[in-house]
Visitor: 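Pasting in a structure now, in structure tokens, and then I'll have a few things to ask.
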Amino acid sequence: MKFSKAYEPNQYEPDIYALWEKSGAFAPTNKKNAKNYTIVMPPPNANGNLHIGHGLTIALEDILTRYHRLKGDNTWYIPGADHAGFETWVVYERRLEAAGKTRFDYNRDELYDQVWNFVHEQRGNMELQLRALGASCDWDHLTFTLDQKVVDTVYDTFEKFWKEGLIYRGKKLVNFCTKHQTAFADIEVTHKDEQGKLWQIAYPLANPKAELEEIIVSTTRPETLLGDTAVAVSPKDKRYAEVIGEKVKLPLTNREIEIIADEHADPEFGTGVVKITPAHDPNDYEVGQRHNLDMITVIGFDGKMTKEAGANYEGLTTADARQKVLGDLEDQGLLRGEERIVHSVGHCYKCDTVIEPLLKEQWFVDVKPLAKKAIETLEANKIKFHPANKKRVLINYLKNLKDWNISRQIPWGIPIPAFQNVDDPTDWIFDKRVDQQEIKKNGKTYRRDEDTFDTWFSSGQWPVILTNEKKQHYPTSVMETGADLLFQWVGRMIMLGLYNTGDVPFEEVYMHGMVLDEKGQKMSKSKGNVINPIEMVSKYGSDALRLGLIASRSAGVNQAFSSSKVIASRNLCNKLWNVSRLIQDMVDNAEEQSNEIKIDNYGEDWICREITKTNKEIQKLLEKYRFAEAGDAIYDLIWNKYADWFLEGEKLWKDTALLKKTLEQILIMLHPFAPFVTETIWQTLSWTEGMVMTQTWPESLPFDAKRAAKFEELISIVTNIRSHFQSLPGAGSYPVAFYDDKLIYDNQLLIQHYTKAPAVPEIKPEDAKGLHLAIAGHPNIYLEIPEDIHAKYKANLEDRIMKLGQEINTLEARLRNPNYVEKAPKELVEETKSQLETKSKLLADMKAEFELV
RNA sequence: GGAUCCAUAGCUCAGUUGGCUAGAGCGCACGAUUCACAUUCGUGAGGUCACAGGUUCAAGCCCUGUUGGAUCCACCA
């Protein structure tokens, strides 16, 4: 291959990925004295497309993976594909609807097969996209969340729970979406503040007293009145103390219900009386439990009033029933007022339907013991979090966690392996024969539970499942995922991982924030501000997207996407491409080919020092998950140091052995961040062998620190001269004359090359003329400029003298402070002193010059 | 009600045991240019680090409070 003039990512990326994949190097090695490094990928939706957040996830995980592979670890990055239970079901149900069908036209097994086929028709796109992003994951172990090994583990866990009594079947209030016909966990419900009304309704006492004939309750949901089984007052509320235990006539029905005393009633709120509807309100449910109240279900799973609501209301929607109830109350003179209030209402996170708390028999996990263990583990710092504060947030959540409803009434998921005795509804058994609707056991007939597991129940066991085959990779090294999944996923993986294995599922957690659009807004389809990562890849290249995404981003913080960072990264790739092109050119044209490195000028010492310094810095930063800073460090090395200074100088020296070596090191160090361009270059260079992906992380390069420091002096001299050339009228360049300066003498050619000065002559002190440069340590440099330009320079010099004077004042003030001299570290004080000395000398030179000019 | 995060250059953001003159990319201004790269090179302007106190020899960083923005959890008859 030859280097074209510019790097065109699209031209190379697919072939490069194919090269890697074919090589087998994505599979974990099994070296004896190497550490294991494992990341399980949060599985993207199997039949969806990746979004920009996946771009970030893959970038971060793949940087870590490739870095550790280069470091020689037994590195294993395991990909996954999610059946995404509810998400996918919603999509499929929409298709059914479009075809004029509903889920009720089929039985569960038929629906499961249909969705299975649907998903597998759509599948594969996501996996291609992961490849386009450069994920160096082990495709041989790609796991779909409905694969048999997943189901096996989930069933084993369920059975173990069952035997230990951690699973129970309970009829409790669940969050039910009447559109999607399924229950949700608490965490899946989105609460929104809404404008609503609070109505006052009179409940007449069964035995009216002279001073109290009726009590007035306040409610936002009058239609649930039909299911009231008590009214509650605070036990401390003196107004009602006498009527506790008495009955009231429930309006619109002919029932009488009791007045009970319960803490739930707040004397300060409204009239201090609460109607109690245990079947339709979570708080009332608890009151009902405490007082052993009846539970009357007046709203059905279809969102309509039931038979129990009475003939007048049966079949009405809750909204219609509300109007009718209000009208009827009004007719009877029992409606006593209304006021507007803002209250929070739960909605289905997919379809926005109001979530109805309904009584339903479901499987619940008793989370107390699991959460307790998780909290202990977290408090013992067994898992390190980035950002660190997420640990406390998670502990706080776990402390208040309620039992977890794991039943979902959707066909797309892992069937719950539980069967119910057809003759005895209380008799449930555990059995794995879920492919049958009815089974026989001990002469009894059992019918399968139609429900499936909450997907978080299975994905909560993800690290355990994926490492099952190579147990030495558990616990995994780091769990990298979005900050929004702290509770529903990370927390559950910790609980279930500990339960399954006794050990944590991962040693560290890194949580990234959301990728917002360029204006800092959340991306959403409805807003139309979604950025497609694959479009970015085809426009700028995969490496540019990766580098651009990690730039300026820190753990846990939501940050805007920045196309300018992507473009800057694209430019970096091109820069490196051209650097390589130049070096290849020098190698091709070199008179002798030698692999022996001879460091014989300051710039070479300097670049060896800088590469080594950056090498250590990148390692340190990646260990701390500081991706953005690591990216900056390598960017700075390649562009500002390697290309702008070292390579520019090497145009004169052409030490090909050193050029090769340094370029190789840079390619390896950049590889985790920009895998495609580094590999493309590696494959294109004439002398490199194998793949950059499977090289070894570079060792330190040899250098002489004093000589490297000399080069830095040269840099500041050159910069100073360039600055003068720019600011002097005419913006020309002039001879740089000097005397008695070894550094300049030794580097005349280089200085001429960097500054583009016409000459760098050595002169006799008495011949010095022109503009005297004030550079610390180099007092004898003159720009030979015409007389008339001097005056302009004088003003500039005056400014610099003033500035320097201020700096000297600061230093002097610091040293005058006895506390500073005594308490600050000695090195620091010494440094201040030496700085003061240098600067004072410089100031004296400048002042002398000012007089001369 | 409880909690968390954020506020630094025109924009997006770094700045992690407190240390000297607060950085980057983009943008802006000025200049260059056949010879690796216009996806280029060079030079430069631009910041009372939200505000008010405090701790310290020393504060963008630590503490207290205030203001503004974002998010999460719980509750809301």
Side-chain angles (χ1 to χ4, degrees), chain A residues 3 5-7 186-187 191 193 196 198-199 217-221 224 231-232 264-266 269-277 281-284 341-345 387-390 392-393 396-397 400 483-484 486-487 513-514 518 520 540 544 548 551-554 556-565 567-586 624 626 628-629 631-632 635-636 640 643-644 647-648 651 719 722-727 731 754-756 803 806-807 810-811 814 817-825 827-829 831-832 835:
Chain A
F3 283 102
K5 196 166 179 198
Y7 175 59
D186 293 342
I187 198 164
H191 290 271
D193 276 347
L198 187 64
W199 286 276
V217 303
S218 307
T219 182
T220 52
R221 301 203 58 191
T224 63
V231 295
H264 170 55
D266 174 4
F269 190 96
T271 54
V273 187
V274 196
K275 61 191 268 314
I276 302 296
T277 325
D281 180 280
N283 286 309
D284 292 5
I341 58 156
V342 174
H343 62 146
S344 134
V345 181
N389 69 297
K390 295 287 176 195
R392 246 179 319 135
V393 176
N396 200 37
Y397 170 78
N400 299 309
D484 51 329
L486 180 63
F487 301 148
M514 238 184 303
E518 300 233 26
Y540 301 110
S552 291
R553 204 171 280 280
S554 45
V557 183
N558 297 346
Q559 271 159 225
F561 177 83
S562 162
S563 53
S564 72
K565 298 265 182 192
I567 291 170
S569 307
R570 189 260 325 247
N571 296 353
L572 176 72
C573 294
N574 187 61
K575 187 78 183 176
L576 185 63
W577 179 260
N578 274 290
V579 162
S580 308
R581 182 152 80 109
L582 175 63
I583 292 175
Q584 181 66 61
D585 214 43
M586 290 188 197
K624 296 198 291 190
R626 305 184 70 85
E629 284 163 75
D632 278 352
Y635 182 101
D636 185 50
N640 301 331
D644 287 352
L647 211 51
E648 212 40 53
K651 283 178 181 170
T719 308
R722 281 174 176 168
S723 174
H724 279 97
F725 283 171
Q726 281 291 324
S727 59
Y754 281 133
T755 59
K756 300 206 164 67
K803 230 180 180 175
Q806 277 167 5
E807 285 172 25
T810 314
L811 293 174
R814 192 172 297 143
N817 180 344
N819 285 322
Y820 174 71
V821 179
E822 278 164 35
K823 293 188 185 173
E827 314 87 76
L828 207 60
V829 177
E831 210 185 320
T832 310
Q835 272 183 6

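None of these values were measured; they are calculated from a predicted model. Below, chains carry the letters A, B, ... as their sequence lines are ordered, and counting in each starts from 1.
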Visitor: Considering only side-chain heavy atoms of A:Ala824, which listed nucleotide, B:C20, B:G19, B:G25, is closest?
Guide: B:G19
Visitor: Quick one: is A:Arg570 getting a side-chain N or O under 4.0 Å of the B:U39 phosphate, OP1 or OP2?
Guide: no
Visitor: Do A:Asn400 side-chain atoms and A:Asn396 backbone N/O form a donor-acceptor pair below 3.5 Å?
Guide: yes
Visitor: Between B:G47 and B:A9, how far apart are the C1' atoms? Round to whole Å, please.
Guide: 5 Å
Visitor: Can you tell me how far apart NE2 (A:His264) and CD1 (A:Ile276) are? Round to the nearest 0.5 Å.
Guide: 5.0 Å
Visitor: Nearest whole Å is fine: how far is B:U4 C1' from A:Met514 CE?
Guide: 14 Å
Visitor: Tell me the interatomic distance from A:Lys756, atom NZ, to B:G31, atom C1', rounded to whole angstroms.
Guide: 12 Å
Visitor: Strictly distance-based, threshold 3.5 Å: is any side-chain N or O of A:Gln559 a donor or acceptor partner for the main-chain N or O of A:Gly513?
Guide: no
Visitor: Paired with B:A74 by Watson-Crick or G-U wobble geometry, both distances under 3.5 Å: which nucleotide is it?
Guide: none
Visitor: Taking the same atom, C1', in B:U48 and in B:G60, what whole-Å distance lies between them?
Guide: 13 Å
Visitor: Working to the nearest 0.5 Å, report the span between CG of A:Asp284 and NZ of A:Lys275.
Guide: 7.0 Å
Visitor: Expressed in angstrom and rounded to an integer, what is the separation of A:Asp636 atom CG from B:G23 atom P?
Guide: 13 Å
Visitor: Short question: side chain of A:Asn558, backbone of A:Met514 - any donor-acceptor pair under 3.5 Å?
Guide: yes
Visitor: Specify whether A:Phe3 and A:Trp577 have parallel, tilted or perpendicular ring planes, treating 30° as the upper limit for parallel and 60° as the lower limit for perpendicular.
Guide: perpendicular
Visitor: Mind checking the P distance from B:G53 to B:U40? Whole angstroms is fine.
Guide: 47 Å
Visitor: Using the P atom as the point on both nucleotides, what is the distance between B:C51 and B:U67, in whole Å?
Guide: 16 Å
Visitor: Identify whether any heavy atom of A:Lys823 sits under 4.0 Å from a base atom; if not, whether one sits that close to sugar-phosphate; answer base, sugar-phosphate or nothing.
Guide: base
Visitor: Does a side-chain N or O from A:Arg553 land closer than 4.0 Å to OP1 or OP2 of B:C13, or not?
Guide: no
Visitor: From the list B:G44, B:G15, B:U39, which nucleotide is the closest neighbour of the side chain of A:Ser723?
Guide: B:G44
Visitor: If the cut-off is 4.0 Å, is A:Lys5 near the phosphate of B:U40, judged by side-chain N/O to OP1 or OP2?
Guide: no
Visitor: For B:G27, take OP1 and OP2 only and decide whether either is under 4.0 Å from a side-chain N or O of A:Ser564.
Guide: no
Visitor: Taking N and O atoms by type only, does the side chain of A:Gln726 place a donor or acceptor under 3.5 Å from a partner on the base of B:G42?
Guide: yes
Visitor: For B:G18, which nucleotide in any strand shown is its Watson-Crick or wobble partner with both distances under 3.5 Å?
Guide: none
Visitor: What nucleic acid atoms does A:Arg814 come within less than 4.0 Å of, heavy atoms only: base, sugar-phosphate, or nothing?
Guide: base
Visitor: How would you label the contact of A:Thr277 with the nucleic acid (heavy atoms, under 4.0 Å): base, sugar-phosphate, or nothing?
Guide: nothing
Visitor: Check this one for me: any side-chain N or O of A:Ser562 less than 4.0 Å away from OP1 or OP2 of B:C13?
Guide: no
Visitor: Applying a 4.0 Å non-hydrogen cut-off, can you work out what A:Tyr397 is touching in the nucleic acid: base, sugar-phosphate, or nothing?
Guide: nothing
Visitor: How long is the line joining CG of A:Leu572 and P of B:C26, in whole Å?
Guide: 11 Å
Visitor: Could you pick out which residue, A:Asp644 or A:Asn389, lies toward the 5' side of RNA chain B when each is mapped onto its nearest nucleotide?
Guide: A:Asn389
Visitor: Out of B:U12, B:U4, B:U40, which nucleotide sits closest to the side chain of A:Asn571?
Guide: B:U40
Visitor: Please answer whether the main-chain N or O of A:Thr719 pairs with a side-chain N or O of A:Ser723 as donor and acceptor at a distance below 3.5 Å.
Guide: no
Visitor: On a whole-Å scale, what distance lies between the P atoms belonging to B:G19 and B:A58?
Guide: 14 Å
Visitor: Return whichever of A:Trp199 or A:Asn817 has its heavy-atom-nearest nucleotide of RNA chain B closer to the 5' end.
Guide: A:Asn817
Visitor: Roughly how many Å is it from CG in A:Asp193 to C1' in B:C73, rounded to a whole number?
Guide: 14 Å
Visitor: Report the distance from atom CG of A:Asn396 to atom P of B:C73, rounded to the nearest whole Å.
Guide: 12 Å
Visitor: Taking the C1' atom of each, how far is B:C62 from B:G18, in whole Å?
Guide: 8 Å
Visitor: Any strand is fair game: report the nucleotide pairing with B:A32 by Watson-Crick or G-U wobble, both distances under 3.5 Å, or none.
Guide: B:U40
Visitor: With rounding to the nearest 0.5 angstrom, report the CZ to CG distance, A:Arg814 to A:Asn819.
Guide: 14.0 Å
Visitor: Heavy atoms only, 4.0 Å cut-off, all strands: where does A:Leu198 land among base, sugar-phosphate and nothing?
Guide: sugar-phosphate
Visitor: Give none if B:A24 has no partner; otherwise give the nucleotide forming a Watson-Crick or G-U wobble pair with it, both distances under 3.5 Å.
Guide: B:U12
Visitor: How many whole angstroms separate atom OH of A:Tyr754 from atom P of B:U43?
Guide: 12 Å
Visitor: What is the nucleic acid contact for A:Phe3, judged by heavy atoms within less than 4.0 Å: base, sugar-phosphate only, or nothing?
Guide: nothing
Visitor: With no hydrogens and no angle check, do the side chains of A:Arg392 and A:Asn389 hold a donor and an acceptor under 3.5 Å apart?
Guide: no
Visitor: Which part of the nucleic acid, if any, lies within reach of A:Val217 when heavy atoms closer than 4.0 Å are counted: base, sugar-phosphate only, or nothing?
Guide: nothing
Visitor: Which part of the nucleic acid does A:Pro825 contact within heavy-atom distance under 4.0 Å: base, sugar-phosphate only, or nothing?
Guide: base
Visitor: If we call it a pair only when both distances are under 3.5 Å in a Watson-Crick or G-U wobble match, what pairs with B:U64?
Guide: B:A52
Visitor: Roughly how many Å apart are B:C20 and B:G27, using the C1' atom of each and rounding to a whole number?
Guide: 31 Å
Visitor: Which nucleotide, in any strand shown, forms a Watson-Crick or G-U wobble pair with B:C5, with both distances under 3.5 Å?
Guide: B:G69
Visitor: Which nucleotide in the set B:G19, B:C13, B:G25 lies at the smallest distance from any side-chain heavy atom of A:Tyr635?
Guide: B:G25
Visitor: Kindly say whether, by distance alone, the side chain of A:Lys651 makes a donor-acceptor pair under 3.5 Å with the base of B:A36?
Guide: yes
Visitor: Could you check how far CD of A:Gln559 sits from C1' of B:A14, rounded to whole Å?
Guide: 10 Å
Visitor: What's the closest nucleotide to the side chain of A:Val557 if the choices are B:C5, B:C20, B:G25?
Guide: B:C5
Visitor: Between B:A50 and B:G10, how far apart are the P atoms? Round to whole Å, please.
Guide: 13 Å
